[in-house]
Structures are given as C-alpha cells and as structure tokens.
A.B. asks: 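My questions will all concern the structure given below.
It should be emphasised that the depicted structure is a prediction, and the values quoted were computed from it without experimental measurement. All chains are named by letter (A, B, ...) in the order of the sequence lines, taking the proteins before the strands, and each is independently numbered beginning at 1.
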There are 2 protein chains.
Amino acid sequence: MIIMFSKACEYSIKAVIYLATRSEQNQRARLPEIAEAIGSPEAFTAKILQELARKKLLISVKGPKGGFELNGDADEISLYKIVEIMDGDSLFHGCALGFKKCSDVHPCPVHNKFKAIRDHLTGVLLTTSIKEAAGTVDEGQSFLTSLK
Amino acid sequence: MIIMFSKACEYSIKAVIYLATRSEQNQRARLPEIAEAIGSPEAFTAKILQELARKKLLISVKGPKGGFELNGDADEISLYKIVEIMDGDSLFHGCALGFKKCSDVHPCPVHNKFKAIRDHLTGVLLTTSIKEAAGTVDEGQSFLTSLK
DNA sequence: ATAAAAAAGGACAATTTTATCCGAATTAAG
DNA sequence: CTTAATTCGGATAAAATTGTCCTTTTTTAT
C-alpha cells in the first residue's frame, strides 16, 4: 500500500483544521468531540493530540471545561509544520527509492524527476495555512469527514 | 513515517531497472545477482520477483541457466505499471487525508492542491520508461545502490 | 474539602509490512 | 535417468503502525 501520510498525520491535520474552525469563538474542544468531528478512533486520537500538545502546536487543558485549542494563530500554522512533527521530513528530503544518501553527485535513477515532485509538495504544504484550510470548511466548500 | 512507495515497490522498481540494464545482452539474471545489484534482502526480493512474474511484467525460468528477464521491451514498461502492480492505484487516486470518497462534490480540505500534486506524480510515472531510467544507469549518471 | 471532568500515560492487542527459512517443483545438462 | 541449479510456495518471525483499555494526575465547580 502506498501512503503519502501516516494515519497519525492524517488525523493530526484534520484535528488541527477542526480546532481552527472553532477558534473564532476561541473555544476549546474536547477529545470525544474532536474524534467525532473528524471520524477518527478516539483513543488513538488522544495519543495524537497529546503529541501535538507536547510539540507546542496545541494547548491542552485538563479538568472540567478543559480540552484542546490551537497554540497561536491559525494563519501561522502551516500544513508543513504538522507533517514535520508527525512524520518527520523524509517526505520532503527522502529518496523515492529509499537511498540513505541520494544527491546530485550520486543520484538514484529517478532523482531529478522526483525532486520536482517533492518541491511541488513541499511548496503546497509550506504555503497552505490551517486558517486557509479551515476557511474552506467554514464555507461549506470542503469537509472533515468522507461520505461512505 | 511518511513513505511514497512501499519497500516492495522500491525494490521492484530497482530490480526491473537492473534487468533492463542487462537486456541489451538479452541476459537473464538470477535472484542472488539481482538482490546484490540493488542492495535488497534476497528472500524478500524473491517474493517480489515472483509477484512481478505472476503479473507478466517479468518472465521467470526455473532450473540451471534460469532466472528472471523482462517480459517485453524496456521502453514499453513505465514506472506507473510497476507501482500499480505493487502498490495499487491509491497513490494516483487516493485522498491525502484518507477519505474513502474524496471528489469535487465532497472534497477534503486539501483536495484541489493535492490533485495537482497527484497529477504531477502520475505524469512522471506514466512518461518515465524503464528504458529511460536504465539508460542513466548505463551511462553512469545514476545508480541502483546508495552510498552508505 | 470533595466530587466530577477532563487529559496523561502505561500496558497491551491487532494489523500490516517487511523479512527469513526450508522443502517442493521444475528444468537443463551430462 | 540422474544430478544440480533454480524458482515456487508455505510457514513463520520481526518490526512498525494502528488501535484499545485502564489507572493516574490535574483542574474546575460546588
């Protein structure tokens, strides 16, 4: 199976976008609500939100009225940041054929063509903010759960 | 961890390119030689070559002087074909956020931006033949194993 | 203070992917 | 026909990812 992002990363992106759709009201959201909103397994999502809080992308608050909220402005959080936290930078700098060292001086057979694809992907992730993504959800132009 | 291709697919691509570098001599290569040439675990590579032979991308011959060879011309085998066989078409048609159904009428928040990336990737894989990739290896411009 | 509500954290289970091993089947060559 | 060289196929193991469960800790509200 080919994957572009891990499940953990997919859920992270969706969770952070969801929080951004509610941050105009500066509202926290609790785990069950988040998991429901993005259609993810609750216990697994808990681990992920924990990790995002540890990495300072979210703020977590325990106790009644607690929950999770964005740490900072939605327009200053890029998709790149989330992917980097959850999956590392191998998607941006790794080799398509798995070379430990793939470079212009010792390239794999698809090095140049995939460099262009990686740059394209990296550019999209760097320039897409959570605010932008959340905007399309707010306007009903996109969704956080799939049809069945 | 983010991956673009599975290990099985990485090894497949490298193995097929290796066979193409030897096909001018119309030579078969045996498993140990292939695994050595591409730096892959031999037993796992055996399973992969088996699968490629089952799917008619390779021809396998048992017994003394046996081995594997390309089934058809190297310039008529695209990277796309190999990826499709080994990893299915989810990289080409799947949703970056894992939606079962992600479409223009019910898109995920990154649908359009990732459609462009997928199209870019699909184009590269469709238009890159094994012959072309093997050519760069033959000319010493690219390699099938990484430096350490 | 106490009780209730939430996240934190550890242990564990399930699934998928990657990898190994070995005997069986097939084929070529003498 | 026999032997040796190969791939084939099944069983199994190891590792990574995904997922669950339960107890502890922290915090709010009464």
A.B. asks: Quick one, which residues of residues 49-64 of chain B touch DNA chain C with a heavy atom under 4.0 Å?
C.D. replies: B:Lys62, B:Gly63, B:Pro64

A.B. asks: Tell me: CD of A:Glu69 to P of D:dT27, nearest whole Å?
C.D. replies: 14 Å

A.B. asks: List in chain and number order the residues that pass ring pair (Phe, Tyr, Trp, His ring centres under 6.0 Å) with A:Tyr11, two or more places apart in sequence or in another chain; answer none if no residue qualifies.
C.D. replies: A:Phe44

A.B. asks: Please go through A:Ile59's hydrophobic cluster and name the other residues, only I, L, V, M, F, W, Y counting, with side-chain heavy atoms under 4.5 Å joining them.
C.D. replies: A:Val61

A.B. asks: How long is the line joining CZ of A:Phe68 and C1' of D:dT27, in whole Å?
C.D. replies: 14 Å

A.B. asks: Can you tell me the distance, in whole Å, between the CZ atom of A:Arg28 and the C1' atom of C:dA7?
C.D. replies: 12 Å

A.B. asks: Salt bridge (Lys or Arg N to Asp or Glu O under 4.0 Å) with B:Glu84: which residues, sequence neighbours excluded?
C.D. replies: none

A.B. asks: Is there a side-chain hydrogen bond (donor to acceptor under 3.5 Å, both in side chains) between A:Ser129 and A:Ser78? Walk through the geometry before answering.
C.D. replies: CA-CA 4 Å; A:Ser129 72; A:Ser78 64; over 6 Å; no

A.B. asks: What's the CG-C1' distance between A:Leu31 and C:dA6, to the nearest Å?
C.D. replies: 9 Å

A.B. asks: Take A:Lys113 and B:Thr128, measure what side-chain hydrogen bond (donor to acceptor under 3.5 Å, both in side chains) needs, and give me the verdict at the end.
C.D. replies: CA-CA 9 Å; A:Lys113 291 185 173 187; B:Thr128 304; 2.8 Å; yes

A.B. asks: Give the rounded distance in Å between these two atoms: CD1 of A:Ile34 and P of C:dA6.
C.D. replies: 12 Å

A.B. asks: Expressed as a whole number of angstroms, how long is the span from B:Ile38:CD1 to C:dA19:P?
C.D. replies: 11 Å

A.B. asks: Rounded to whole Å, how long is the line connecting atom CE of B:Met86 with atom P of C:dT16?
C.D. replies: 17 Å

A.B. asks: Test: ring-ring contact (aromatic ring centres under 6.0 Å, His included). Region: residues 127-148 of chain A. Which pairs qualify, not counting sequence neighbours?
C.D. replies: A:Phe143-B:His106

A.B. asks: Using the side chain to side chain contact (heavy atoms under 4.5 Å, CB included) rule, take B:Phe92 and B:Asp89 through it: C-alpha gap first, then chi angles, then the decisive distance, then the call.
C.D. replies: CA-CA 5 Å; B:Phe92 312 124; B:Asp89 65 353; 4.0 Å; yes

A.B. asks: Please list each protein N or O that sits under 3.5 Å from an N or O in nucleotides 15-22 of chain D, with the distance.
C.D. replies:
from: D:dT18; atom 1: OP1; to: A:Lys7; atom 2: N; distance (Å): 2.8
from: D:dG19; atom 1: OP2; to: A:Tyr11; atom 2: OH; distance (Å): 3.2

A.B. asks: Same cluster or not: B:Leu144 versus B:Leu147, using hydrophobic residues (I, L, V, M, F, W, Y) connected whenever any side-chain heavy atoms lie under 4.5 Å apart?
C.D. replies: no

